[in-house]
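Let me begin by presenting the structure, written as structure tokens, before commenting on it.
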Protein chains: 2
Amino acid sequence: MNRPNPTLLQPRKTPQQARSAATIEAIRQATIQVLLVEGVGRLTTTRVAERAGVSVGTMYQYYPHKQALLFGIVEKQLLLIEEAMCAASDRLMGEDLKTLAEGLAAAWLDAKTADIVSSRAIYGIASEFDLSAAMGRAATVMTELFDALLANAPDARFADRASVAFMLAALLGGSVRMVMEADPSDGNLERLRIELPRACHAYLVAARI
Amino acid sequence: MNRPNPTLLQPRKTPQQARSAATIEAIRQATIQVLLVEGVGRLTTTRVAERAGVSVGTMYQYYPHKQALLFGIVEKQLLLIEEAMCAASDRLMGEDLKTLAEGLAAAWLDAKTADIVSSRAIYGIASEFDLSAAMGRAATVMTELFDALLANAPDARFADRASVAFMLAALLGGSVRMVMEADPSDGNLERLRIELPRACHAYLVAARI
DNA sequence: TCCGAAACTGAATGATACTTCATATTTTGA
DNA sequence: TCAAAATATGAAGTATCATTCAGTTTCGGA
């Protein structure tokens, strides 16, 4: 569980037969399951392999070590979120503040709740090792995306646009994370769906010159 | 590192001499230090004891197991935050929305940044074991506090006050956590100090009937 | 059908970590 | 001053876990 060598974070071998592709996916799923059911502390290679229905050795054919396993999952999830937000950004470029706020909140919630299970699992790993780097990078990307959207909004100018984009990212990311980690019941998610766009819009309007 | 028996989460023995009280505090500090410098994954009893300048055995005289050590820290920190927010609540009861928003944001930031080191450490442990329960409870307390404040604000009525209080807690807690975990630089905290009250106030005004 | 490559197996290895306890040291109070 | 209580020590016991690898099974193409 120590310093992951970056060059070793890639899969050890790439699958050639359909059989092994299925195995890899089974391991991925099993990792998420174990993470949710047992928690980070009890996520062991043996347990994951057992749940995936393969032997430990098989797992080590595709992942050089445990870290790579976790890293793979997080990376995939972050990529999905990033793609979703980029798409939303394209769609929303040039729109007014109200449309922006509603569109971004909806896109963010959609992306995060599309696979609640994986999302929650990731929050669990996040602190375990050097994910702060990956997540920090994702946050930066998001802030820049927002900054561009705000710059192109026809009905808005800001005294300090960078700070507003930063705060918007914090509000969106933070509140959703908090709810999903504490109690992601349907009721609470519904509340978020209603209140989050409103909160974002209100903030943007208040921050406008 | 398994299921902590609730009855065993209390210190094994209470200190009688000044000497042992100092030891306990040293262990507490050492735990936080190790947590920050080495990370959760490398937080071992030996390392903590070493950093505290005592032997492992000493540690086990006061804490029945490693979990109790972590739990003790988190509990204390949560208590501090809760106290600070209760005090703020007393001070702000009956004030208008603007004063509320500014007061709550400031109180929250003060509480969280009073001991940045401990606060960050806690986020690190949070997912390790069943802290979601403790943190969920803290969130509920906070929401109820906010709800009462909103009920007594002279210049506001809400269609769904409970949801507004819930959202306010999510916005406050989430955004601060996100910034502190990602990059708690002075610049970012300063941004929060300026933007967070504004965001809270804007949301409350927008949510008002 | 048959062979070489790919995939899989799981006991063994070695390292690390939590926890205990018999012993040593320090403090207190009479 | 001195014995009993409190506190501290750290090597040893026990457990768990990541990782390896020699051997077996399965697959795909000729």
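For the numbers below, each heavy atom of this structure counts, side chains included, while hydrogens, waters and symmetry mates do not. Each chain gets a letter, A, B and so on, in the order its sequence line appears, and its residues count up from 1.
For A:Ala49, the side chain to side chain contact (heavy atoms under 4.5 Å, CB included) test picks out A:Val54, with sequence neighbours left out. For B:Arg198, the salt bridge (charged side-chain N to carboxylate O under 4.0 Å, His left out) partners at least two apart in sequence or on another chain are B:Glu195. Checked against salt bridge (charged side-chain N to carboxylate O under 4.0 Å, His left out), B:Arg193 has the following partners two or more places apart in sequence or in another chain: B:Asp110. Annotation: side chain to side chain contact (heavy atoms under 4.5 Å, CB included) contacts of B:Ala139 (sequence neighbours excluded): none. Shown here are the side chain to side chain contact (heavy atoms under 4.5 Å, CB included) partners of A:Glu38, two or more places apart in sequence or in another chain: A:Val34, A:Arg42, A:Arg47. Checked against salt bridge (charged side-chain N to carboxylate O under 4.0 Å, His left out), B:Arg161 has the following partners two or more places apart in sequence or in another chain: B:Asp147. Residues satisfying the salt bridge (charged side-chain N to carboxylate O under 4.0 Å, His left out) test with B:Glu95, not counting sequence neighbours, are none. Judged as a side-chain hydrogen bond (donor to acceptor under 3.5 Å, both in side chains), and not counting sequence neighbours, the contacts of B:Arg28 are B:Glu25. B:Met178 meets the side chain to side chain contact (heavy atoms under 4.5 Å, CB included) test with no other residue; sequence neighbours excluded.
With rounding to whole Å, B:Arg42 atom CZ is found 16 Å from C:dA15 atom P.
Distances were taken from every side-chain heavy atom of B:Tyr62 (C-beta onward) to each of D:dA8, C:dA17, D:dC17; the shortest belongs to D:dA8. Side-chain proximity of B:Lys66 to C:dT19, D:dT19, D:dA6: nearest is C:dT19.
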**Reading 5' to 3' through nucleotides 24-30 of chain D, protein heavy-atom contacts under 4.0 Å coded B for base, S for sugar-phosphate only, - for none** = --BS---
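Nucleic acid contact class of B:Thr44 (heavy atoms, under 4.0 Å, all strands): sugar-phosphate only.
Contacts of residues 53-60 of chain B with DNA chain D (heavy atom under 4.0 Å): B:Val54, B:Ser55, B:Gly57, B:Thr58. Of all the residues in residues 20-32 of chain A, not one reaches under 4.0 Å from DNA chain D with any non-hydrogen atom.
The structure places CE of B:Met180 at 7.0 Å from OG1 of B:Thr113, a figure rounded to the nearest 0.5 Å.
Distances shown here put every side-chain N or O of B:Arg47 at or beyond 4.0 Å from the OP1 or OP2 atom of C:dT16.
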